[in-house]
Amino acid sequence: MATKNVWIAGLVPPVMLAVLLLTAASPRVKANDAANAEVKIDNFSFGPQSVTVPVGATVTWTNRDDIPHTVVSTEGVFKSKVRDTDEKFSYTFAKAGTYPYYCTIHPKMTGQIVVQ
Amino acid sequence: MANNKQDLIDQNLQDLNNDGVDRRGFLKCMAWAGTGLVWTMSGGIPVSRAFAKGYGKDAAKSGDFTFVQISDSHIGFNKPANPDVTATLQTAINKINAMQHKPDFIIHTGDLSQLSKPSEFDTLDQVLKGASPKQIYFVPGEHDMLSDNGDEYLQRYGKGTKGTGWYSFDQKGVHFVGLVNVANLKAGGMGSLGQDQLEWLENDLKGRSASTPVVLFAHIPLWTIYPDWGWGTDDSEQALSYVKRFGSVTVLNGHIHQIMQKVEGKVSFHTAMSTAFPQPAPGSAPSAGPMKVPAEQLQQVLGITDVNYVVSGRSLAVVDSPLGASSPLASGKETEW
């Protein structure tokens, strides 16, 4: 019974993903997609450390370490919850500017997002 | 590993040679390669007790006592470096319960949990309940302060403490201070005590006799071990300036999941092994992440620290023992410097 429920629930995301992928294929959305950026957390560092994106872009951080991290704006603009292994955090930047951030658990880990 | 240990010993020798202290009259240091390190510190009189022969029989003078330091239990961690951290904590507690001389209390130097979850703290409490010493003193690690500014930790373990969980207490003439250097960390920095805590510490130590042995304990090392990995405390120097006038100061830390020690003047620094997983030697890996070792080797790189206070000479002796050894010095070899 439990297995069946999981199977049904598991079916929904692939369907949604397929719709998203189809939509992304249209040129209008593709331009917007390219503006988004990914930051990977590996070996206690943010990579790339500095990312430049246009206004309106969404940046997504993924923690790929065995240890939890946070993504917190030094100036209080955004603040993730604790992100354990493979957990993500996204923020959409509505205004131009430079946004320094760090991991509040391991403050030696710093990065910045430049929004133009 | 052996090379790193040798480097550490060399570094310690360097420190000893440069501190201007007559080390023969002050310190006797013994290292047992492979299993751990024992050192004996004395405010004036070197103590050359052979700890392997057992502390309890001839040393149980009134006033002497023993406590055990455990650290970095990371309850909730379940990755390949150690998929069962609850079991290894239990092994550590069994080891403490089997000690010939029953410790007066336990100090846990932080990272009790992996993610500050109530269920993780519950599991920890459950295991610690089985420890024969009923008194356990805690300081938080950064992993214990992840929810609501550390409220979960403070509600459980911070009763009667100040600020983010700092406090002091006295045990048979020794003054113990638990410090918190994992709260309100600043971007780009290392551990931090903060102005409020430093002022409290200065007042706490004021008026105490310089002959009082002092033990400071905190999660992140109070000396700079490796700044690139944040293994140090930005404002530790100010804290240490308050203890300079004391004849015997022992600083116990965790956080780096391996044994490191240093002697500077009358201050002895010591970090403990984790009960959960090892971390690499400074700079020996791309990051400070958990170090994976073959399962059969895990218990050799986890452990506990046993501290004996001997009232004559007001000395503290620190003995590290891996979980996998039947006695602290079972397969060791003695070296002196």
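Per chain, numbering begins at 1; letters A, B, ... match sequence-line order. Only this structure's heavy atoms are used, side chains among them; waters, hydrogens and symmetry mates stay out.
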Novice: Do you know which of B:G189, B:A81, B:P80, B:G289 has the most heavy-atom pairs under 4.5 Å to chain A?
Specialist: B:G189
Novice: To check you understand the geometry: which heavy-atom pair defines the closest contact between A:I105 and B:L185, and what is its length?
Specialist: O-CD1, 4.0 Å
Novice: Is there any N or O donor on one of chain A and chain B with an acceptor on the other under 3.5 Å, and could you list each such pair with its distance?
Specialist:
{"residue": "A:N43", "atom": "OD1", "partner": "B:S287", "partner atom": "OG", "Å": "3.0"}
{"residue": "A:D66", "atom": "OD2", "partner": "B:K292", "partner atom": "NZ", "Å": "3.2"}
{"residue": "A:T85", "atom": "OG1", "partner": "B:K79", "partner atom": "NZ", "Å": "3.1"}
{"residue": "A:Y102", "atom": "OH", "partner": "B:L185", "partner atom": "O", "Å": "3.2"}
{"residue": "A:P107", "atom": "O", "partner": "B:G188", "partner atom": "N", "Å": "2.6"}

Novice: Under a 4.5 Å heavy-atom cut-off, does chain A meet the side chain of B:L115, its backbone, both or neither?
Specialist: side chain
